[in-house]
Amino acid sequence: MNFGEFSPTQPLLLGFDPGRDKCGIAVMGLDRQLHYHQVVQSAEAVKTIETLRKKYPISLMIMGDQTTAKQWKQKLLESLAETINIILIDERNTSLLARDRYWVMYPPKGLSKLIPQGMRQPPRPIDDIVAILLIERYLNRLTEPMNSEQY
């Protein structure tokens, strides 16, 4: 999926929601323009990341910090042709938020519009939307004013 042109001078961020069976991957600019998102089988994740790095000027990987994060970080550092800085981001509640975001990105049609949003299940895995949310959390941290506890 290609979601628009990008300026090669603008660095892009790769969001990665690691998992045992499947992984969510997203590519977003600092301007929050989404260029790519996909759910891939875990066995294809490294190959997909390599392909995306050839296509896009990715400067940083933002990865969820839960279940398999440590193993995935090690695997990526060992497997990628060129090293990349990986930042771990708190991914608590992202699956729930991703479900809501799915319906914003893909509004229901027909009779499914009548079902309350909280009762609807997305018809596909949403790990890629989790990857989008991880990038957004990282960008939000960059733009939040620092409070005294952060000094």
Side-chain angles (χ1 to χ4, degrees), residues 1-4 6-8 10-108 117-147 149-151:
M1 283 182 216
N2 190 347
F3 290 89
F6 60 91
S7 164
Q10 182 193 31
L12 299 177
L13 305 173
L14 186 138
F16 185 60
D17 178 36
R20 284 181 178 79
D21 301 319
K22 61 190 175 359
C23 299
I25 299 175
V27 176
M28 182 184 287
L30 297 175
D31 59 359
R32 296 177 187 250
Q33 182 178 347
L34 186 60
H35 296 279
Y36 173 93
H37 65 99
Q38 190 74 42
V39 177
V40 299
Q41 294 302 309
S42 295
E44 297 295 312
V46 171
K47 185 175 123 185
T48 302
I49 291 168
E50 290 282 15
T51 301
L52 290 171
R53 290 181 75 192
K54 289 176 184 156
K55 184 174 182 177
Y56 298 106
I58 294 168
S59 62
L60 186 63
M61 181 184 295
I62 312 301
M63 186 167 74
D65 66 353
Q66 297 294 304
T67 320
T68 60
K70 286 186 177 122
Q71 297 93 324
W72 267 105
K73 185 173 182 179
Q74 189 62 40
K75 179 178 181 169
L76 291 168
L77 292 173
E78 291 170 1
S79 304
L80 292 174
E82 290 181 43
T83 59
I84 186 169
N85 286 331
I86 300 172
I87 298 205
L88 296 179
I89 292 288
D90 179 8
E91 67 174 290
R92 282 179 291 184
N93 300 319
T94 52
S95 294
L96 190 59
L97 294 170
R99 195 171 79 173
D100 290 341
R101 177 70 65 89
Y102 175 88
W103 296 114
V104 171
M105 294 171 72
Y106 306 100
Q117 184 168 311
M119 294 178 70
R120 280 187 229 130
Q121 287 296 321
R124 66 165 183 84
I126 54 174
D127 306 70
D128 56 330
I129 299 173
V130 171
I132 293 167
L133 294 173
L134 292 171
I135 296 172
E136 290 175 350
R137 278 192 180 175
Y138 173 75
L139 292 173
N140 289 344
R141 280 172 66 198
L142 294 180
T143 58
E144 285 173 356
M146 292 183 75
N147 62 40
E149 292 157 15
Q150 291 175 302
Y151 291 118

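Small disclaimer: the values here were computed from a predicted structure and weren't measured.
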K.L.:
CD1 of Ile86 to CG of Leu76: how many Å apart, nearest 0.5 Å?
P.N.:
5.0 Å
K.L.:
List the atom of Asp128, the atom of Ala26, and the distance in Å for their closest heavy-atom pair.
P.N.:
O-CB, 4.1 Å
K.L.:
When rounded to the nearest 0.5 angstrom, what distance separates OG1 in Thr48 from CD in Gln41?
P.N.:
10.0 Å
K.L.:
Treating Arg20 as the side-chain partner and Thr68 as the backbone partner, does any N or O pair qualify as donor plus acceptor under 3.5 Å?
P.N.:
no
K.L.:
Give, for atom CG of Asp65 and atom OG1 of Thr94, the distance between the pair rounded to the nearest 0.5 Å.
P.N.:
9.0 Å
K.L.:
Write down the atom of Arg124, the atom of Ile129, and the distance for their closest heavy-atom approach.
P.N.:
NH2-CD1, 4.0 Å
K.L.:
Nearest 0.5 Å, please: how far is NZ in Lys22 from CG in Asp127?
P.N.:
4.0 Å
K.L.:
List the steps, then state whether side chain to side chain contact (heavy atoms under 4.5 Å, CB included) holds for Leu134 with Met63.
P.N.:
CA-CA 7 Å; Leu134 292 171; Met63 186 167 74; 5.9 Å; no
K.L.:
Is the shortest side-chain heavy-atom distance between Ile62 and Met28 below 4.5 Å?
P.N.:
no
K.L.:
Could you grab the distance from atom CG of Leu142 to atom CG of Leu13, nearest 0.5 Å is fine?
P.N.:
8.5 Å
K.L.:
With a 4.0 Å cut-off, would you call Glu44 and Lys47 a salt bridge?
P.N.:
yes
K.L.:
Mind checking whether Trp72 and Phe16 have parallel, tilted or perpendicular rings, split at 30° and 60°?
P.N.:
perpendicular
K.L.:
Where do Gly15 and Ile135 come nearest, in terms of heavy atoms and distance?
P.N.:
N-CD1, 3.3 Å
K.L.:
Could you walk me through whether Ile49 and Met61 pass side chain to side chain contact (heavy atoms under 4.5 Å, CB included), step by step?
P.N.:
CA-CA 10 Å; Ile49 291 168; Met61 181 184 295; 3.9 Å; yes
K.L.:
Heavy-atom distance under 4.5 Å between the side chains of Arg120 and Tyr102, does that happen here?
P.N.:
no
K.L.:
Quick check: closest heavy atoms across Ala69 and Pro18, and the distance to 0.1 Å?
P.N.:
CA-CG, 4.4 Å
K.L.:
Are side-chain heavy atoms of Cys23 and Asp17 found at a separation under 4.5 Å?
P.N.:
no
K.L.:
Heavy atoms only: give me the nearest Arg141-Leu88 pair and the separation to one decimal.
P.N.:
NH1-O, 4.3 Å
K.L.:
I'd like to check Leu30 versus Pro11 (side-chain heavy atoms, cut-off strictly below 4.5 Å). Are they in contact?
P.N.:
yes
K.L.:
Measure from the side-chain N and O atoms of Gln66 to the backbone N and O of Glu91, and report whether any donor-acceptor pair falls under 3.5 Å.
P.N.:
no
K.L.:
Can you tell me how far apart CD1 (Ile84) and CG (Leu60) are? Round to the nearest 0.5 Å.
P.N.:
6.5 Å
K.L.:
In terms of heavy-atom contacts, does CZ of Arg92 have more than 12 from other residues, nucleotides or ligands at under 6.0 Å?
P.N.:
no
K.L.:
More than 12 heavy atoms of other residues, nucleotides or ligands under 6.0 Å from CG of Asp31: yes or no?
P.N.:
yes
K.L.:
Taking Arg53 for the side chain and Glu82 for the main chain, is one N or O donor matched with an acceptor at less than 3.5 Å?
P.N.:
yes
K.L.:
Taking the side chain as every heavy atom from C-beta outward, state whether Leu52 and Leu12 have any pair of such atoms under 4.5 Å apart.
P.N.:
no
K.L.:
Ile132 and Arg101: which non-hydrogen atoms are nearest, and at how many Å?
P.N.:
CG2-NH1, 3.9 Å
K.L.:
Could you give me the CA-CA distance, side-chain angles and deciding distance for Leu97 and Arg137, then say whether side chain to side chain contact (heavy atoms under 4.5 Å, CB included) is met?
P.N.:
CA-CA 12 Å; Leu97 294 170; Arg137 278 192 180 175; 3.6 Å; yes
